[in-house]
> 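Provided herewith is a single structure, encoded as structure tokens, for subsequent inquiry.
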Amino acid sequence: MNEEFNKPYDPKAVEEKIYNEWEKSGYFNPDNLPHADKGPFTIALPPPNITGTLHMGHALNATIQDILIRKKRMEGYKALWIPGTDHAGIATQNIVEKQLKKENISRHQLGKEKFLEKIWEWKEKYGDMILGQLKKMGSSCDWSRAAFTMNPQYSKAVQSAFRQYYDKGWIYRGERIVNWCPRCGTSLSDLELEYIEEKSKLWRIKYSIKKTNNLQPITNDFIVVATARPETILGDSAVAVNPKDERYKDLIGKIIILPIQNREIPVVADIAVEKEFGTGVVKVTPAHDFTDAEIGERHKLPAYKIIDERGRMTVESGEFCNGLKIAECREKVIKKLKELNLIEKEEDHTHSVAKCYRCEGTVEPLPSLQWFLKMSELAKLAIEAVESGKVRFHPQRWEKVYLDWLKNIKDWCISRQIWWGHKIPIEGSEDVLDTWFSSALWPFATLGWPAQCEPTTDDKRQTTRCKSKEGGDLAQFYPTQVLSTARDIINLWVARMVYSGIEFMDKEPFNNVIIHATILTKDGKRMSKSLGTGIDPMILIDKYGADATRFGLIWQSMGGQDIHWAEEHVMAGKKFANKLWNISRFVLTKTGDSFVSKIDAGDIKDEASRELLKKLESTKESVNKDIDNYDFGQALHTLYNFVWKEFADKYIEYSKDKNSEEVFSVLSFSLLTVLKTLHPFMPFITEEIYQNLPNKNAEFLMVEEISN
RNA sequence: GGGCGCUUAGCUCAGUGGCAGAGCACCUCGUUUACACCGAGGGGGUCAUAGGUUCAAAUCCUAUAGCGCCCACCA
């Protein structure tokens, strides 16, 4: 027995050494697996953004995927886990910009070329750091295939995808109201907004009605509109009421004198107006509100762009506020209206405001010339994939989130006015693509699409399809089997991968989607770096070891429920590792040269031994079943219970005064079986113990054969 | 406004029709050579509330309350 086999178990002495041995073996690459006689089993790691380091969610997700990959590898599949990182457009640009700001440099001072160099430097540093952290977790990824969403070959995939959409007429350019982040200076898609509740005011403002002639009696000489954004008065081009609202029936068609601007605008009837809200009269600002834009279109109203891309009032807003910031203009307008005695009432009002998901600045709807991808056909593909059951979510309830979004989808604004990203491959456009445009291609772009394709024409769908070249990765490893990811990117990413896979590869990119738990603080708050409520998985690894950290994460993942993080389960994992360590020492000391790796259960006569083997068998079955159902926590509980209660407390105690070959064989066989079954969950310690067995079947436990 | 999830021991959570469970914490005993990161034993719960179905409800149904999340054209 190895003299390292001292007590207690020390993960630090083991984990790095074992990981290096695994890497050296080459077995993370399925091409090198000695007995992979079953089909390929592929998982594409959701590429972490290069914006920082890994958090608990990444750690949980890496563990889940590693469990699946390691189990399949041991079962004889050509197991491939493709790792990589995402360039994460706006997020990365912002973080590098912040970095520069500390040195008092703006990206504009630096210039585009130099700035992009800085980002590439950042990418090298943090990209490597992230991959290093995945290794510390024990992730058995094939690093030789590591991908990055801005690698040269990946860029080719992005261009091919764009071209194919363009050739089909699904990409178009248009001046439309988009979500605009003045701080980032770019458009955003609907999914890139975060809404937060803000306390504000609702102002009731009097708009006077123009007298047409003296013969027409008018009941009031003004009407009252309610608004939360008085500064947009400057861009009003109508006032609208509900056509069925009896109160305002006579008003439809009348002319209103817009305050401050003194512009004449009509009263229109539109179904978008709710009779019950506010006064039932709404001001219409077609350039700066999505609903108002629709009303404007229906009534052919002019759109005055009064707010510009920097969040300042434009010339078109008039001399009154020209050049002011939005908030300044609001103050000024309110002051003026008060002077004119046009504010009837000012009341407290809470409403949700759209914020940029990357910088938290307020997003302004404004008209802008952008590129769009037509979604109607693509959405159909993604909907069908889930409704037909070809793609399944676990837990299933997330399918609703996916389908609800796809069924109400709008065209996707794919252009961004930032520097870091894939340039739109059209002459004269400086825009880059939404970072999710490239992420959407991940499951096949990482495997060599489109280089490994022979294009074939599909008349039915009038599209060029990819027929994967034989022998290449794409033919061999696409589609992947499972995707495991966080719930907040179901639509942002999962849905887009599904239709992209079908559109370009004619095959869903995966059949099963695991939506793993979200990890919250103990009192149910979001873990956040800025609030200091986050927990760094690397610190846990340092304190308790990677196996214990993985144990703690999985122990708490039950049925996809959110996890209120409790560190004591990681400590339990550390104790369990130590228990296993001592069990192994006992078994190895006791059995010595009699250690056997195979037994014939039928030959065992001893009653307690037969009983243990029965329980061992049912534990194995139960664990396999649970993993197949993605009930990882349940599987670990079952295994833990067997090892500690049945094997250690009962059988090992029983075996102490027995010295028969029969008992020795049951002890050794049970230990080996436990190591194999537990290896996907706690790979380091199980591998280390395996290395100390007197006779073993394989070079590494990682490639030991197990049956399912 | 719509949707989803949760509420079980001090804490974190399993348990989906048949005697209330685990980990941690707590108490008692135990320096038996695998392990004190241990072993043997123990205390502790009106299963959010109200009503219903059933021989039987933590579990199924209805309503209510609280917590959390998501979506929406919240003027």
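All chains are named by letter (A, B, ...) in the order of the sequence lines, taking the proteins before the strands, and each is independently numbered beginning at 1. Note that the structure is a prediction, hence the values are computed from the model and not measured.
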> I need the CG-P distance between A/Leu492 and B/C70, as an integer number of Å.
13 Å

> Which part of the nucleic acid, if any, lies within reach of A/Ile295 when heavy atoms closer than 4.0 Å are counted: base, sugar-phosphate only, or nothing?
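No contact.
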
> Which part of the nucleic acid does A/Trp555 contact within heavy-atom distance under 4.0 Å: base, sugar-phosphate only, or nothing?
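Answer is sugar-phosphate: A/Trp555 comes under 4.0 Å of backbone atoms only.
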
> When the C1' atoms of B/A50 and B/G10 are considered, how many whole Å apart are they?
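My reading of the C1' atoms in B/A50 and B/G10 gives 28 Å.
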
> Mind checking if A/Glu274 touches a base, just sugar-phosphate, or nothing, with heavy atoms under 4.0 Å?
base

> Looking across every strand, which nucleic acid part, if any, lies under 4.0 Å from A/Val587 by heavy atom: base, sugar-phosphate, or nothing?
nothing

> Under 4.0 Å between any heavy atoms, over every strand shown, what does A/Lys645 touch: base, sugar-phosphate, or nothing? Just pick one.
sugar-phosphate

> List the protein contact pattern of nucleotides 35-42 of chain B with one symbol per nucleotide (5' to 3'): B for base contact, S for sugar-phosphate-only contact, - for none; contact means a heavy-atom distance under 4.0 Å.
B-BSSS--

> Is a donor from one side chain sitting under 3.5 angstrom from an acceptor on the other, for A/Thr285 and A/Lys283?
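Looking only at side-chain atoms, A/Lys283 and A/Thr285 do form a donor-acceptor pair, the distance falling under 3.5 Å.
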
> Distance-only check: which donor-acceptor pairs under 3.5 Å involve side-chain atoms of residues 566-573 of chain A, not counting sequence neighbours?
{"from": "A/Glu567", "atom 1": "OE2", "to": "A/Lys543", "atom 2": "NZ", "distance (Å)": "2.9"}
{"from": "A/Glu567", "atom 1": "OE2", "to": "A/Tyr544", "atom 2": "OH", "distance (Å)": "2.7"}
{"from": "A/His569", "atom 1": "ND1", "to": "A/Trp555", "atom 2": "NE1", "distance (Å)": "3.4"}

> Is A/His564 touching bases, backbone alone, or none of the nucleic acid, heavy atoms closer than 4.0 Å?
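Since only primed, P, OP1 and OP2 atoms lie under 4.0 Å of A/His564, the category is sugar-phosphate.
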
> According to the Watson-Crick and G-U wobble definition with distances under 3.5 Å, which dot-bracket string, read 5' to 3', encodes RNA chain B, using [ ] for crossing pairs and | for pairs with another strand?
((((((((.[[[[.)..(..]]]].(((((.......))))).....[[[[[..)....]]]]])))))))....

> Identify the pairs formed between an N or O of the protein and an N or O of nucleotides 2-7 of chain B at a distance under 3.5 Å, and give each distance.
{"from": "B/G5", "atom 1": "O2'", "to": "A/Gln561", "atom 2": "OE1", "distance (Å)": "3.0"}

> For the C1' atoms, the ones on B/C13 and on B/G1, what distance do you get once it is rounded to whole angstrom?
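Straight-line distance between the two C1' atoms is 34 Å.
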
> What residues form a ring-ring contact (aromatic ring centres under 6.0 Å, His included) with A/Tyr651, not counting sequence neighbours?
A/Tyr654

> I'd like to check the ring-ring contact (aromatic ring centres under 6.0 Å, His included) partners of A/Phe632; sequence neighbours left out, ordered by chain and number.
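Counting only residues at least two positions away or on another chain, A/Phe632 forms no ring-ring contact (aromatic ring centres under 6.0 Å, His included).
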
